J.: 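Take this structure, written in structure tokens, and hold onto it; I'll ask about it next.
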Amino acid sequence: MKRIIVVGGGAGGLELVTRLGHGLGRKGKDKAEIILVDRSRTHIWKPLLHEVATGSIDINNDGVNYRAHAAKHHYQFQLGTVTSVDPTAKSITLDSLSDDKGHLILPERNLSYDTLIMAVGSISNDFGTPGVAEHCYFLDSHKQAERFQQALLNHFLRVHQEGPEAKLKIAIVGGGATGVELSAELFHVADLMKAYGMPEMSGKRVHVELVEAGDRILKALPERIANLASKELTRLGVKISESTRVVRADVGGYQTAEGALIEADLMIWAAGVKAPDFIKDIEGFETNRSNQIVVKGTLQAKDFDDVYVIGDCCACEQPDGSFVPPRAQSAHQMASLVYANIKASLKNEPLKDYLYKDHGSLVNLSNYSTVGNLMGNLMGGSMFIEGRIARFVYISLYRLHLIAIHGWFKATIVMAAQKIGKVVKPKLKLH
């Protein structure tokens, strides 16, 4: 029996391992042993991490436990961090696992494979900026998001106790979707704190500065979307500093290339992403400067047909010379193609090349607004949407992800449970 290992349970990895489990690992089919490897026990849809960071989402209620999910979807789960890959020997190495007191739980492990899918996603890229690693928060994982949420609650408490003139200063570097959405969400949660023992707290007591090195925020999206998002953020009270390059972070805030200090009590770095650093050290893989693995059109690593790469760690060049952007929709599309190609390879059928289809982009500004564009043949190009329609489409994307990993029936139950939970539980995670 062949062994297929998927490394990384993000949007693409979890969807792929679910399909592989049902298509090849289900009892009675027994065509392959399917294994998911991830360093976390719980999955959360990455576009929602900024809501985890503000407490709008509680991962204990909205996350997916890999081990429980594996039991229902015909695959195995291995908890661990991949430290090395040997594509020649067809094996991966998982780091040893210890508890919070340093007691060894599992030793270093080696897993062999017949087919490997690298879906390790991305991490924040600080571009070597001094002080960022020591003083800034990142939103690469739910653990980092929860760490920021705890700090945010503590600062809300401090500012509330200091009196009506005190303000919480937050600086976010990176004007992409994460930085923009987080900026709006911070004002929303500050207003919600009124109902939870902080009657003097509000969005007016939060000062958020969004710092972007480029000439405008949301550089990857159409200018019309960026302008509307900028207008809405300014209305909320966000200070947007464009064409501003940060050269250092310290205890008091960010130092800019012009010598100015952007004061901050909390600093978030969301200025760019790269694949995890261990990838560039894998002998045999061709990588780019963002550590992404360069692939052929079939999403197989160059020189290694038994290794597929999907999601943010994949460098896939398209016919027009551009590279597939690191988005959830590309990870979803890649997962579908790799599943089809693995099935085709088992039947000795030809593999298909991947062609990215841009279905548009949406930016959700918390409860205040949602803007974006949809692309497709029915619209003959691009259609701009905003308001309730855009919000509905944004929520639908998450629902489609739930359907992909749970199936229609269970996904419907999960969505209903989440809706009921919003009625009976606090609107914020308060611990």
Side-chain angles (χ1 to χ4, degrees), residues 11 45-51 53-54 56 122 124-127 138-140 170-188 208-246 254 256 262 267-274 290 312 322-331 356-376 379 381-398:
W45 198 46
K46 198 169 184 178
L48 297 179
L49 277 179
H50 70 283
E51 294 187 45
T54 57
S56 300
S122 60
S124 293
N125 190 351
D126 63 10
F127 305 101
F138 302 95
L139 299 183
D140 299 334
I170 303 174
I172 304 168
V173 173
T178 298
V180 167
E181 293 180 334
L182 178 61
S183 297
E185 195 68 31
L186 286 166
F187 284 90
H188 174 58
V208 177
E209 184 163 352
L210 182 61
V211 185
E212 168 57 40
D215 57 0
R216 69 172 173 90
I217 62 172
L218 300 174
K219 192 72 175 178
L221 304 185
E223 190 170 357
R224 183 179 180 184
I225 295 175
N227 289 340
L228 276 171
S230 181
K231 184 178 179 181
E232 182 63 29
L233 290 178
T234 302
R235 185 188 69 79
L236 288 174
V238 178
K239 180 182 179 181
I240 301 175
S241 300
E242 296 169 334
S243 301
T244 302
R245 187 168 63 88
V246 170
Y254 291 116
T256 70
I262 299 173
M267 294 178 284
I268 302 97
W269 188 272
V273 297
K274 63 179 180 179
S290 296
D312 292 0
S322 65
F323 282 82
V324 177
R327 296 181 183 174
Q329 62 174 305
S330 24
Y356 172 62
K357 295 178 181 177
D358 187 354
H359 296 303
S361 303
L362 292 165
V363 178
N364 181 43
L365 304 177
S366 189
N367 282 18
Y368 305 109
S369 180
T370 304
V371 295
N373 68 319
L374 297 178
M375 302 178 71
M379 288 158 283
S382 176
M383 180 178 74
F384 176 81
I385 58 173
E386 63 177 320
R388 291 183 179 178
I389 295 176
R391 176 68 178 171
F392 173 78
V393 175
Y394 183 87
I395 293 172
S396 296
L397 295 176
Y398 177 51

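In this chain, residues are counted from 1 in sequence order. Just so it is clear, the structure is predicted and the values come from calculations on it, not from any experiment.
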J.: Over all heavy atoms of both residues, which pair between Lys274 and Ser124 is shortest? Give the atoms and the distance, please.
T.: CE-O, 4.0 Å
J.: Using 0.5 Å steps for rounding, measure from the CG atom of Leu397 to the CG atom of Leu362.
T.: 6.0 Å
J.: How long is the gap from CD1 on Ile262 to CD1 on Ile170, to the nearest 0.5 Å?
T.: 14.0 Å
J.: State whether the side chain of Tyr368 and the backbone N or O of His188 hold a donor-acceptor pair below 3.5 Å, judged by distance alone.
T.: yes
J.: For Lys219, does the NZ atom sit with more than 12 other heavy atoms under 6.0 Å from it, leaving out its own atoms?
T.: yes
J.: Only one of Arg391, His50, Glu181, Glu185 forms a side chain to side chain donor-acceptor pair (under 3.5 Å) with Asn364, so which one is it?
T.: Arg391
J.: With no hydrogens and no angle check, is any side-chain donor or acceptor of Ser330 less than 3.5 Å from a backbone partner on Pro326?
T.: no
J.: Regarding Glu386 and Ser369, is there a side-chain donor-to-acceptor distance under 3.5 Å anywhere?
T.: no
J.: Are the side chains of Asn373 and Arg224 in touch, meaning some heavy atoms are under 4.5 Å apart?
T.: no
J.: Would Ile240 and Glu212 count as a side chain to side chain contact (heavy atoms under 4.5 Å, CB included) here? Give the steps.
T.: CA-CA 8 Å; Ile240 301 175; Glu212 168 57 40; 5.9 Å; no
J.: Which pair of non-hydrogen atoms, one from Ala229 and one from Leu365, has the smallest distance, and what is that distance?
T.: CA-CD1, 4.1 Å
J.: How far does CD1 of Ile385 sit from CZ of Phe392, to the nearest 0.5 angstrom?
T.: 10.5 Å
J.: Quick check: closest heavy atoms across Gly174 and Leu210, and the distance to 0.1 Å?
T.: O-CD1, 3.4 Å
J.: A quick test of your reading: do over 12 heavy atoms of other residues, nucleotides or ligands sit less than 6.0 Å from CZ of Phe127?
T.: yes
J.: Whether the side chain of Ser230 engages the backbone of Ala226 through a donor-acceptor N/O pair (distance < 3.5 Å, no angle test) should be reported.
T.: no
J.: Working to the nearest 0.5 angstrom, can you tell me the gap between Thr234 OG1 and Glu232 CD?
T.: 9.0 Å
J.: Looking only at non-hydrogen atoms, find the nearest pair between Gly179 and Ala270 and report the distance.
T.: N-CB, 4.5 Å
J.: Please report the shortest heavy-atom distance between Ile225 and Ser361, naming the atom on each side.
T.: CD1-O, 4.3 Å
J.: Hey, does Ile172 have a side-chain heavy atom less than 4.5 Å from the side chain of Leu186?
T.: yes
J.: Just verifying a value: how many Å separate Leu228 CG and Leu233 CG, rounded to the nearest 0.5 Å?
T.: 11.0 Å
J.: CD1 of Ile395: more than 12 outside heavy atoms within 6.0 angstrom?
T.: yes
J.: For the CZ atom on Arg216, are there more than 12 heavy atoms of other groups (residues, nucleotides or ligands in this structure) within a distance under 6.0 Å?
T.: yes
J.: So which atom in Gly237 and which in Phe187 form the shortest heavy-atom distance, rounded to 0.1 Å?
T.: C-CZ, 3.9 Å
J.: With a 4.5 Å limit on heavy-atom distance, are the side chains of Val246 and Trp269 in contact?
T.: yes
J.: So Pro325 and Tyr356, do their side chains get closer than 4.5 Å, heavy atoms only?
T.: yes
J.: Nearest 0.5 Å, please: how far is OH in Tyr254 from OG in Ser241?
T.: 12.0 Å
J.: Is Gln329 reaching over with its side chain to a backbone N or O of Asp358, donor-acceptor style, under 3.5 angstrom?
T.: no
